Visitor: 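Here's a structure for you.
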Amino acid sequence: MGVILNIPDSVVQGLRIPEEEIVPRLRIELAVALYSQGALSLGKAAELAEMNRMLFGELVGQRGIARHYGDAELAQDDSYARGE
């Protein structure tokens, strides 16, 4: 299931972001917000932001957002370390 988010033209026009950066920037900002609230895991937030986990993790760190590191993330890291 995909979700389409409708943003009013007046809001889009009010953004102080170059037009070509609007969609990727909004994806990143939504991903960061949902990750910081604990609504998405790091991997899923990175997927939403269309970034790899490492870069998204760096972005989260730069913004001073604490990493949520639980059993699921440990299993992902363990699998990655094993080359799986």
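Note that the structure is a prediction, hence the values are computed from the model and not measured.
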Visitor: Return the set of residues passing salt bridge (charged side-chain N to carboxylate O under 4.0 Å, His left out) with Asp78 (not counting sequence neighbours), or none when no residue passes.
Guide: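 Expected list: Arg82.
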Visitor: Keeping to residues at least two apart or across chains, list the salt bridge (charged side-chain N to carboxylate O under 4.0 Å, His left out) pairs with something in residues 29-41.
Guide: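 As it turns out, the salt bridge (charged side-chain N to carboxylate O under 4.0 Å, His left out) pairs with a partner in residues 29-41, which skip direct neighbours, are Arg25-Glu29, Glu29-Arg63.
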Visitor: Which value, rounded to the nearest 0.5 Å, describes the distance between Ile28 atom CD1 and Met51 atom CE?
Guide: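 If I round to the nearest 0.5 Å, the distance is 5.0 Å.
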Visitor: Could you tell me the separation between the CG atom of Leu5 and the CZ atom of Arg27, rounded to the nearest 0.5 Å?
Guide: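 CZ of Arg27 is found 11.0 Å from CG of Leu5.
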Visitor: CG of Leu40 to CG of Leu30: how many Å apart, nearest 0.5 Å?
Guide: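 Spacing of CG (Leu40) from CG (Leu30) equals 7.5 Å.
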Visitor: Does a sphere of radius 6.0 Å around CD in Glu84 hold more than 12 heavy atoms from other residues, nucleotides or ligands, not counting ones at 6.0 Å or beyond?
Guide: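 It does: Glu84 CD has more than 12 such atoms within range.
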Visitor: Restricting to pairs with a member in residues 30-45, which pass side chain to side chain donor-acceptor pair (under 3.5 Å), not counting sequence neighbours?
Guide: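 Listed by first then second residue: Lys44-Glu47.
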Visitor: Are Leu26 and Ile7 close enough that some pair of their side-chain heavy atoms sits under 4.5 Å apart?
Guide: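 Leu26 reaches Ile7 side chain to side chain.
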Visitor: Decide yes or no for Asn52 and Phe56: does some side-chain heavy atom of the first lie under 4.5 Å from some side-chain heavy atom of the second?
Guide: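 No - every pair of side-chain heavy atoms lies 4.5 Å or more apart.
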Visitor: Leu34, Leu42: one ILVMFWY side-chain cluster at the under-4.5 Å cut-off?
Guide: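 Leu34 and Leu42: separate clusters.
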Visitor: Do Leu48 and Leu55 share a hydrophobic cluster, counting only Ile, Leu, Val, Met, Phe, Trp and Tyr and linking them when any side-chain heavy atoms are less than 4.5 Å apart?
Guide: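 No; Leu55 is not reachable from Leu48 via cluster members.
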